[in-house]
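For ligands, and for the atoms within them, numbers begin at 1 and follow the listed sequence.
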Amino acid sequence: MYDLVIVGAGLTGGTLARCFAEAGRRVLVVEKRSHIGGNAYDEADDHGVLVHRYGPHIFHTNDEAVWKFLSRFTRWRPYTHRVLARVQDRLVPFPINRRTLVMLYGEEALNKGVKAFLDARRIPLAHPRNAEEQVLAAVGPELYEWFFRDYTRKQWGRLPRDLSPLVTARIPVRDNDDDRYFTDRFQAMPAEGYHAMFRRLFDHPNITVWLNTSWNDVSEEVHFRRLIYTGPIDAFFDHIFGPLPYRSLKFQWKHHEEPTVQPVATINEPAHPVFTRTTEFKHMTGQVHPGTTVVAEIPAADGDPYYPIPAPDTNDRRARYLAEASHLSAVRFFGRLGQYRYFNMDQVVAEALEGFRALRAEGW
Ligand code: FAD
Ligand code: UDP
């Protein structure tokens with residue numbers, strides 16, 4: 001008999017399992033994959049290069065509580081993520097900053113500053129209703145086409161005008177030369193990798209983990225009082241309101257017998273017919289190795305559910321599932337898939353820490 005079953009051994013499930021275990025609850029974590037860590041899982045590839053199996057993960061946060069919590073389970077390697085975008089056959093800094101514009105338009109065009117340059121181009125839209133309008137309002141049509149239109153269409157399998165403005169609003173526009181991808185106070189990689197951090201997170205006498213176990217196969221036989229579900233919420237309800245769409249990725253791996261092949265960790269490829277971006281992990285991990293491994297991301301409709309798709313139609317359907325969930329007193333939904341929200345890692349930890357406090361107050 002377990003006090004609590006948690007479905008999914010990702011960062012959400014791990015954070016909640018740890019909090020409840022330390023509060024004296026006996027927790028069973030059920031994970032259908034062969035490993036803990038969810039999509040943030042990393043491992044050495046066949047050549048011994050440490051890679052992120054489900055695409056590049058950079059930890060960044062402004063939330064001190066999240067930082068402190070995870071710091072109990074890992075030391076950190078300071079790392080500042082930088083990205084170049086291949087636009088007009090050149091590699092330019094991304095997000096768009098002053099240097100990007102100088103490289104594309106020349107110093108002369110920027111002599112009145114970035115704001116004046118963009119003011120002359122952006123389309124005045126006080127309340128952008130979708131991702132296309134959000135970018136047009138920020139940088140105007142030409143930069144929208146070069147950097148955003150095709151990348152977004154590839155990544156999501158939808159036109160930018162059919163996506164929430166929140167999707168592209170993740171990307172700032174800088175009026176200075178700051179070429180960091182993230183500007184959060186804390187930005188780092190787990191010093192020994194994500195998997196070592198996850199091993200310590202789950203390592204508690206009150207936590208039992210079953211790997212290679214789908215909840216659907218064991219739900220009848222496990223005795224428990226309460227359940228936290230971090231898998232896709234629509235699957236939990238057998239898709240009664242229709243399936244929520246998820247965007248997936250295929251990964252194309254390439255190993256090179258050279259120490260390094262890219263100038264920065266990630267190169268975005270808006271104009272490439274297939275890839276969105278390529279990432280060379282050694283920049284992020286700091287690993288010393290004579291070879292290097294690069295992954296290219298190829299968006300796909302089918303496969304593991306990696307991205308909830310923020311859009312008006314999916315919001316409506318999501319709301320119906322969340323309303324259905326609110327009728328269940330012994331089940332709660334958390335995480336990127338459980339809440340169907342485009343969360344970063346720090347956001348799922350924050351949500352889990354907050355959720356733990358709220359559930360304890362309810363007697364969980
Ligand atoms: P998940 O990691 O998806 O874990 C859910 C787990 O539940 C999975 O392991 C799944 O196998 C399991 N599961 C589902 N259904 C069942 C079932 N029925 N039975 C048993 N188990 C089940 N965030 C950042 O902060 N920085 C980044 O740089 C970053 N890059 C990303 C890049 C990519 C390509 C992707 C896809 C995501 C990225 N993220 C990044 C987001 C990050 O992956 C998520 O915020 C985080 O991993 C979500 O954790 P989670 O536990 O909610 O979900
Ligand atoms: N985006 C884009 N061009 C880029 C980078 C991002 O159009 O070169 C858009 C795209 O819609 C993407 C979104 O901005 O999905 C958010 O980008 P981010 O890098 O945050 O995506 P993630 O790392 O979550 O895949």
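- For ligand 1, the atoms lying closer than 4.0 Å to a non-hydrogen atom of F343 are 41 (C), 44 (C), 45 (O).
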Assess whether side-chain contact (heavy atoms from CB on, under 4.5 Å) is satisfied between T15 and F334, documenting all intermediate values. CA-CA 11 Å; T15 302; F334 282 94; over 6 Å; no

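- The single protein non-hydrogen atom nearest to atom 1 (N) of ligand 2 is Y151 CD2, 3.6 Å, given as residue, atom name and distance.
- Within ligand 2, counting atoms from 1 as listed, the ones closer than 4.0 Å to a heavy atom of Y181 are 18 (P), 19 (O).
- Taking a cutoff of 4.0 Å between a charged side-chain nitrogen and a carboxylate oxygen, R53 and E43 qualify as a salt bridge.
- Listed by number with element, the atoms of ligand 1 under 4.0 angstrom from any heavy atom of V30 are 20 (C), 21 (N).
- Atom 8 (O) of ligand 2 has its closest protein heavy atom at N268 ND2, 2.9 Å.
- The closest approach between any non-hydrogen atom of D304 and ligand 1 is not below 4.0 Å.
- For atom 22 (P) of ligand 2, the closest heavy atom belonging to the protein is Y342 OH, 3.4 Å.
- Figure legend: R336 and Y307 shown as a cation-pi pair, the cationic atom lying under 6.0 angstrom from the six-membered ring centre and within 45 degrees of its axis.
- Under 4.0 Å from ligand 2, the heavy atoms of W156 that appear belong solely to its side chain.
- Any N or O atom pair closer than 3.5 Å counts here, and D346 shares no such pair with ligand 1.
- If you look at V7 next to ligand 1, the close heavy atoms, those under 4.0 Å, all belong to the side chain.
- For atom 26 (N) of ligand 1, the closest non-hydrogen atom of the protein is I58 O, 2.8 Å.
- Residue-ligand proximity: F334 is placed with every non-hydrogen atom at 4.0 Å or more from ligand 1.
- Counting heavy atoms closer than 4.0 Å to ligand 1, residue Y41 contributes nothing at all.
- For atom 20 (O) of ligand 2, the closest heavy atom belonging to the protein is R170 NE, 2.9 Å.
- Between Y246 and Y340, the ring planes are perpendicular. Angles over 60° get that label, and only those under 30° would be called parallel.
- Counting heavy atoms under 4.0 Å from ligand 1, residue T213 touches it through the backbone alone.
- Counting non-hydrogen atoms of neighbouring residues, nucleotides and ligands closer than 6.0 angstrom, the CG atom of N176 exceeds 12 such neighbours.
- Ligand 1 has no nitrogen or oxygen under 3.5 angstrom from a nitrogen or oxygen of P232.
- Geometrically, R320 does not engage F237 in a cation-pi contact, judged by NZ or CZ lying under 6.0 Å from the ring centre and within 45° of the ring axis.
- With respect to atom 13 (C) of ligand 2, the closest heavy atom belonging to the protein is V167 O, 3.5 Å.
- Atoms of ligand 1 found under 4.0 Å from any heavy atom of G38, numbered from 1 in the order shown, are 2 (O), 4 (O), 9 (O).
- With respect to atom 30 (N) of ligand 1, the closest heavy atom belonging to the protein is P56 O, 3.0 Å.
- Taking only nitrogen or oxygen atoms, main chain and side chain alike, Y306 does not reach within less than 3.5 Å of ligand 1.
- A 6.0 Å sphere centred on CZ of R121 holds more than 12 heavy atoms belonging to other residues, nucleotides or ligands.
- Here the protein heavy atom with the shortest distance to atom 2 (O) of ligand 1 is N39 N, 2.9 Å.
- Numbered from 1 in the order shown, with element, the atoms of ligand 1 that lie under 4.0 Å from a heavy atom of G231 read 14 (C), 15 (N).
- At least one donor-acceptor pair under 3.5 Å links the side chain of Y194 to the backbone N or O of H57.
- Of the protein's non-hydrogen atoms, T152 OG1, 2.8 Å is the one closest to atom 11 (O) of ligand 2.
- Taking a cut-off of under 4.0 Å to the non-hydrogen atoms of G335, the atoms of ligand 1 that pass are 52 (O).
- Proximity of atom 53 (O) of ligand 1 to the protein is not indicated, since no non-hydrogen protein atom lies closer than 4.0 angstrom.
- Within the listing of ligand 1, atoms 34 (C) sit less than 4.0 angstrom from a heavy atom of L249.
- Residue contacts with ligand 1 include Y229, since one of its heavy atoms falls under 4.0 Å from the ligand.
- Taking distance alone, with nitrogen or oxygen atoms compared against 3.5 Å, M345 approaches ligand 1 more closely than that limit.
- In summary, the atoms of ligand 1 found under 4.0 Å from a heavy atom of L337, numbered by their order in the structure, are 3 (O).
- There is a side-chain donor-acceptor pair under 3.5 Å between N39 and R33.
- Using a 4.0 Å heavy-atom cutoff, R277 is listed among the residues neighbouring ligand 2.
- At the shortest separation from atom 6 (C) of ligand 1 among protein heavy atoms lies E31 OE1, 3.6 Å.
- The shortest N/O to N/O separation between L11 and ligand 1 falls below 3.5 Å.
- Counting protein heavy atoms only, atom 18 (N) of ligand 1 is closest to N216 OD1, 3.2 Å.
- Considering backbone and side-chain N/O atoms, T12 comes within less than 3.5 Å of an N/O atom of ligand 1.
- The nearest heavy-atom contact from the protein to atom 7 (O) of ligand 1 is G8 CA, 3.2 Å.
- At the top of the distance list for atom 34 (C) of ligand 1, counting protein heavy atoms only, stands Y54 O, 3.3 Å.
- Protein heavy atom in closest approach to atom 43 (O) of ligand 1: H57 NE2, 2.7 Å.
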